[in-house]
Amino acid sequence: MKFFIDTANIDQIREVASWGIVDGVTTNPTLVAREGKAFEPTIKEICALLPDKPISAEVVSVDAEGIIREARELAQWAPNVVVKIPFIKEGMKALHVVAQEGIRVNCTLIFSAAAGLIAAKAGAAFISPFVGRLDDIGHDGMELVRQLVPIMDNYDFDTEIIVASVRTPAHVIEAAMLGADIATVPFDVLDKLFNHPMRDLGLANFLKDWEKYRAAQG
Ligand code: G3P
């Protein structure tokens, strides 16, 4: 499974890239706004930092014409830009047009299997089911991934599933067990994947024993 980082924070991207586990980046208007910097230079900087990885940048228009215009512009910013388009009818009209032009689209705000199926049929390179936000309203977010994986496989769609709105390490592991292509994970959750008290205890003991041994050796 590929790991994307779900952030527009350059320092976080740099740090995770140094761990050697980042396969791409997803942003959204909320994440870009959180950084308080201009949109275009932020996306260009991320694209330059990871030039061979897909970097999602989201449109904010809600009419097909506006989405198509924005998608064409975003795609000019860097060769590795993936345009994020929301799952709305106007979005699907636009997706279908820009996908035929060779623009890679990540269809976002996927909350049902039907939405994922439609977006894949319209030509999305990626679909983003939002698991955490489904959990928020008392649904089982991972159930949507459980439905989408066989649907994409049954028809050999050339569409990758990005498990999004990931909130916990358990979401990441379940995504991997279900065979999702990608999980896009916030920095704090990626960081938590490294934690284990037995690891900390084991390392502390190794170092303590090594110190004792060194002291005994003189
Ligand atoms: O990038 C979209 C998605 O991952 C947002 O997550 O935590 O705001 O629901 P969240």
Side-chain angles (χ1 to χ4, degrees), residues 1-8 10 13 17 22-32 38-130 145 148-149 151-165 179-185:
M1 186 177 69
K2 286 177 264 188
F3 279 166
F4 287 6
I5 179 166
D6 198 27
T7 187
I10 304 288
I13 297 167
V22 71
D23 300 299
V25 180
T26 50
T27 69
N28 63 37
T30 304
L31 294 171
V32 172
F39 182 36
E40 183 173 341
T42 300
I43 296 299
K44 285 182 172 171
E45 191 176 352
I46 298 170
C47 288
L49 200 59
L50 299 171
D52 56 345
K53 316 280 188 200
I55 312 298
S56 288
E58 190 160 340
V59 300
V60 288
S61 296
V62 288
D63 63 295
E65 204 181 306
I67 294 170
I68 291 170
R69 194 177 48 248
E70 272 190 75
R72 287 175 179 156
E73 196 199 328
L74 292 174
Q76 293 301 312
W77 289 358
N80 51 333
V81 163
V82 170
V83 178
K84 232 172 159 183
I85 294 179
F87 180 74
I88 52 176
K89 280 185 190 150
E90 290 295 299
M92 294 310 94
K93 288 182 200 169
L95 196 169
H96 163 73
V97 171
V98 301
Q100 281 182 341
E101 295 172 4
I103 294 173
R104 284 187 300 167
V105 173
N106 171 359
C107 189
T108 189
L109 293 169
I110 298 290
F111 289 100
S112 70
L117 178 58
I118 290 168
K121 282 183 74 71
F126 304 94
I127 51 172
S128 291
F130 274 33
V145 179
L148 285 170
V149 169
I151 290 172
M152 293 303 122
D153 285 349
N154 283 347
Y155 302 102
D156 283 333
F157 279 116
D158 213 7
T159 304
E160 291 186 273
I161 299 172
I162 305 180
V163 177
S165 188
D181 303 284
I182 302 154
T184 189
V185 187

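Note that the structure is predicted; figures quoted are calculated from it, not measured.
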Requested in this report: Please report the C-alpha distance between V62 and I88 in whole Å, then the side-chain angles of each, then the deciding distance to 0.1 Å, and finally whether the side-chain contact (heavy atoms from CB on, under 4.5 Å) criterion is met.
Outcome: CA-CA 8 Å; V62 288; I88 52 176; 4.1 Å; yes

Would you say [X]'s side chain and [Y]'s backbone share a donor-acceptor pair under 3.5 angstrom?
X    : Y    : result
N80  : P54  : no
D181 : I161 : yes
E58  : V83  : no
K84  : N28  : no
T159 : A124 : yes

How far apart are the closest heavy atoms of [X] and [Y], and which atoms are they?
X    : Y    : result
A119 : I110 : CB-CD1, 4.3 Å
M152 : G116 : CE-O, 3.8 Å
P51  : A48  : CD-O, 3.4 Å
G123 : L95  : C-CD2, 3.5 Å
V145 : P129 : CG2-CG, 4.3 Å
L109 : P86  : CD1-CB, 4.0 Å

Euclidean distance, [Y] [atom2] relative to [X] [atom1], rounded to 0.5 Å:
X    : Y    : atom1 : atom2 : answer
I13  : T27  : CD1   : OG1   : 8.5 Å
F157 : L117 : CZ    : CG    : 5.0 Å
S128 : F111 : OG    : CZ    : 10.5 Å
I68  : H96  : CD1   : NE2   : 9.0 Å
S56  : L31  : OG    : CG    : 11.0 Å

Determine whether [X] and [Y] make a side-chain contact, defined as any pair of heavy atoms from C-beta on separated by less than 4.5 Å.
X    : Y    : result
L74  : F39  : yes
F130 : V163 : no
L50  : V22  : yes
E90  : K93  : yes
F4   : I162 : yes
D23  : I182 : no
I46  : K53  : no
V81  : C47  : yes

Query - side-chain contact (heavy atoms from CB on, under 4.5 Å) between K2 and E160, intermediate numbers included - result: CA-CA 10 Å; K2 286 177 264 188; E160 291 186 273; 2.6 Å; yes

Query raised in the report: Has D158 got more than 12 heavy atoms of other residues, nucleotides or ligands less than 6.0 Å from its CG?
Result: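 Result for CG/D158: open.
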
Report task. Apply the test salt bridge (Lys or Arg N to Asp or Glu O under 4.0 Å) to residues K44 and E40: give CA-CA distance (whole Å), side-chain angles for both, the deciding distance (0.1 Å), then the verdict. Result -> CA-CA 6 Å; K44 285 182 172 171; E40 183 173 341; 2.6 Å; yes

Query raised in the report: Do T184 and T26 have side-chain atoms, one donor and one acceptor, less than 3.5 Å apart?
Result: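 Distance-only check passes for T184 and T26.
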
Requested in this report: Go through V82 and I55 one step at a time and tell me if the side-chain contact (heavy atoms from CB on, under 4.5 Å) criterion holds.
Outcome: CA-CA 6 Å; V82 170; I55 312 298; over 6 Å; no

Requested in this report: Could you walk me through whether I85 and N106 pass side-chain contact (heavy atoms from CB on, under 4.5 Å), step by step?
Outcome: CA-CA 6 Å; I85 294 179; N106 171 359; over 6 Å; no

